[in-house]
2 protein chains.
Amino acid sequence: MEEILPHLDSVFSIDCVLFGFDGKELKILLIERNEEPFKDWWALPGNIVGADESLDQSAARILYELTGLRGIYMEQYYAFGDPNRHPQGRVITLAYYALIRLGGDKEPRPISTYAKRANWMPITDLPKLAFDHQKIYDKGLEKIKRRIKHQPIAFELLPEKFTLTQLQHVYELILGKKLDKRNFRKKIVSFGVLKELDEKQKGVSYRAATLYRFDKRKYAKLFGKEISF
Amino acid sequence: MEEILPHLDSVFSIDCVLFGFDGKELKILLIERNEEPFKDWWALPGNIVGADESLDQSAARILYELTGLRGIYMEQYYAFGDPNRHPQGRVITLAYYALIRLGGDKEPRPISTYAKRANWMPITDLPKLAFDHQKIYDKGLEKIKRRIKHQPIAFELLPEKFTLTQLQHVYELILGKKLDKRNFRKKIVSFGVLKELDEKQKGVSYRAATLYRFDKRKYAKLFGKEISF
DNA sequence: ATATAGTGTGTAATTTTTACACTAAGTAAT
DNA sequence: ATTACTTAGTGTAAAAATTACACACTATAT
């Protein structure tokens, strides 16, 4: 039930927690603000929703402007609207998270005026964040923790071909705990959504691991059943 | 990252899916619109967010205005903002669901100008809804389906003292499937968050069932472990 | 040849889940 | 008081899923 009240004074924005994985660490993309309030603080990238954009499009645009990437997995997860979350007035913000494979060309590009620079920061060592962005980040991490147990989102953080050890590593980083290697493999393989390739890992100075690929077709077929970790 | 752009033309509202349970059926509260667009259509109750309200407060206010109830369990779950979801312009709406025990004094009260009346409608027999409210409702049901498996929200729909059969009934309605009586009882009791009372059900023309109460203190103690259904 | 570092594999014990049917207790009608 | 009716309340065995746990293999580097 909505009425049109054209003189409403609330401002509506989108903020994004961009999770990136480089094979080693889980990171998020932060920008250093160039304007008051919170000038020189680190903050989540965000922006105002354009008049003709859907919310998802708007989030995708923010991501594109920062990284040059398209087609990235993004998900809306919560709205933050405390009347005093922003020192200069009511700003309602909608939070999205994204999952990105780093390494290669995924570096943040030079960006708009309100930020000096953007940086991928390991989640184990984040700076103080502007506004209520710590809260927004916390809730985002919580969401992907929950989601990775039921949906095949871990693959979004990995290259197309990956080893089981890499996959386990992603799970461990997001869940924040060690997993048993044998049990992990047994289970993940039993879902039947991984395709074992003939290829092996390259460039390592030890026995090379077998590469796998996530099989979207098989997953779609089995979709009724959710994955459960 | 938000800037203050005071001349933004998006309108921000909240829509609520109020789930009610009367001991028999699961219902939602719908209002019949008295204004264009969608005059005479049924719609979810909603309103504009007040300038000084938090989002949760705003949702609670909408609920209070319709039902006279306070202290009801409500949860924000998704924002809908398609540029053309509203025929007269961009309206971003934030969806909440609420869980309410019906029977007694929970009747909707006479309501504001934009609605003729409000009605509790069984979810098995809903009318066509205005705007994209069917989509909003669908996603809300999906959310509580998921949540009831891990959080003790079923109790919000039941009176303080309830029988195990009633509790099972709530689970069955929300999950949309029959459950095995013995297995259900075994499991729900094993969580250790129900307190068996000395009282029995009254006013039934057959063997009266034992009454139980949800033990919030015990639940809080065990909280690390989530319930899992 | 040897050291090194990560890969890849199986099993037994435990726990959890599932499927399934009858007796007990209370009320209402005669 | 007998009977009919309706729901409450209970146990077990089989199957499936989860957990805990250790060593031999393979590729590379020196």
Side-chain angles (χ1 to χ4, degrees), chain A residues 21-25 148-150 154 158-159 161-173 175-213 222 224-229, chain B residues 21-25 148-150 154 158-159 161-173 175-213 222 224-229:
Chain A
F21 180 65
D22 60 6
K24 280 274 179 198
E25 286 176 304
I148 202 176
K149 292 184 179 172
H150 303 290
L158 288 167
K161 300 169 182 182
F162 52 85
T163 69
L164 294 183
T165 300
Q166 288 166 349
L167 182 59
Q168 180 175 349
H169 194 190
V170 169
Y171 272 89
E172 288 178 340
L173 284 174
L175 295 176
K177 64 178 181 195
K178 282 249 162 246
L179 300 173
D180 178 86
K181 181 160 70 158
R182 281 183 284 195
N183 293 339
F184 178 83
R185 286 167 179 239
K186 205 188 313 175
K187 183 153 205 173
I188 207 92
V189 166
S190 78
F191 291 141
V193 298
L194 292 187
K195 187 182 169 90
E196 185 176 346
L197 303 178
D198 289 333
E199 272 172 275
K200 301 271 170 191
Q201 198 178 22
K202 272 176 188 152
V204 289
S205 70
Y206 45 79
R207 174 180 182 182
T210 303
L211 291 171
Y212 289 78
R213 181 199 300 273
L222 304 173
K225 289 182 188 176
E226 274 190 337
I227 275 177
S228 211
F229 223 86
Chain B
F21 179 64
D22 60 7
K24 281 275 179 193
E25 287 175 303
I148 202 176
K149 292 184 179 173
H150 304 288
L158 288 166
K161 300 169 182 180
F162 52 84
T163 69
L164 294 182
T165 301
Q166 287 164 349
L167 182 60
Q168 181 176 347
H169 195 189
V170 168
Y171 273 88
E172 289 178 339
L173 285 173
L175 295 177
K177 65 179 180 193
K178 282 251 161 242
L179 301 173
D180 179 86
K181 181 162 70 161
R182 280 182 285 194
N183 293 339
F184 178 84
R185 285 166 180 239
K186 207 188 311 174
K187 183 152 205 172
I188 208 91
V189 167
S190 78
F191 291 140
V193 298
L194 293 187
K195 187 182 169 90
E196 184 175 347
L197 304 178
D198 289 332
E199 272 171 276
K200 300 273 170 189
Q201 199 179 20
K202 272 175 189 152
V204 290
S205 69
Y206 46 82
R207 176 178 180 182
T210 302
L211 291 171
Y212 289 77
R213 181 199 303 271
L222 304 173
K225 290 183 189 175
E226 274 191 338
I227 275 179
S228 210
F229 223 85

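Letters A, B, ... mirror the listed sequences (proteins, then strands); counts begin at 1.
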**Request:** Check the angle between the aromatic planes of B:Phe21 and B:His169 and answer parallel, tilted or perpendicular using the 30° and 60° thresholds.
**Result:** perpendicular
**Request:** Between B:Ala208 and B:Ser205, just flag the one whose closest nucleotide in DNA chain D comes earlier from the 5' side.
**Result:** B:Ser205
**Asked** If each of B:Tyr206 and A:Lys181 is mapped to the nucleotide of DNA chain D with the nearest heavy atom, which maps nearer the 5' terminus, i.e. the 5' end?
**Response** B:Tyr206
Would you please confirm or rule out a distance under 4.0 Å between OP1 or OP2 of [N] and any side-chain N or O of [X]?
{"X": "A:Thr165", "N": "C:dT7", "value": "yes"}
{"X": "B:Lys187", "N": "C:dT17", "value": "yes"}
{"X": "B:Thr210", "N": "D:dA8", "value": "no"}
{"X": "A:Arg185", "N": "C:dG8", "value": "yes"}

**Message:** Rounding to an integer number of Å, can you tell me how far A:Asp180 CG sits from C:dT11 C1'?
**Reply:**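 Roughly 13 Å, once rounded to whole Å.
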**Request:** Give the rounded distance in Å between these two atoms: CG of B:Asn183 and P of D:dA16.
**Result:**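 One finds 15 Å between P of D:dA16 and CG of B:Asn183, rounded.
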**Item:** Side chains of A:Val170 and A:Phe162 in contact at under 4.5 Å (non-hydrogen atoms)
**Value:** no
**Prompt:** Which residue lies toward the 5' end of DNA chain C, A:Ala209 or A:Arg182, if each is placed at its nearest nucleotide?
**Reply:**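 Result of the comparison: A:Ala209.
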**Request:** Identify, between B:Lys186 and A:Gln166, the residue whose nearest nucleotide on DNA chain C lies closer to the 5' end.
**Result:** A:Gln166
**Asked** Do you know the tightest heavy-atom contact between B:Thr210 and B:Glu196?
**Response**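 Heavy-atom minimum between the residues: CG2-CG, 3.6 Å.
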**Asked** Under 3.5 Å, side chain of B:Gln168 to main-chain N/O of B:Arg185, donor-acceptor pair present?
**Response**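 Judged by distance alone, no pair lies under 3.5 Å.
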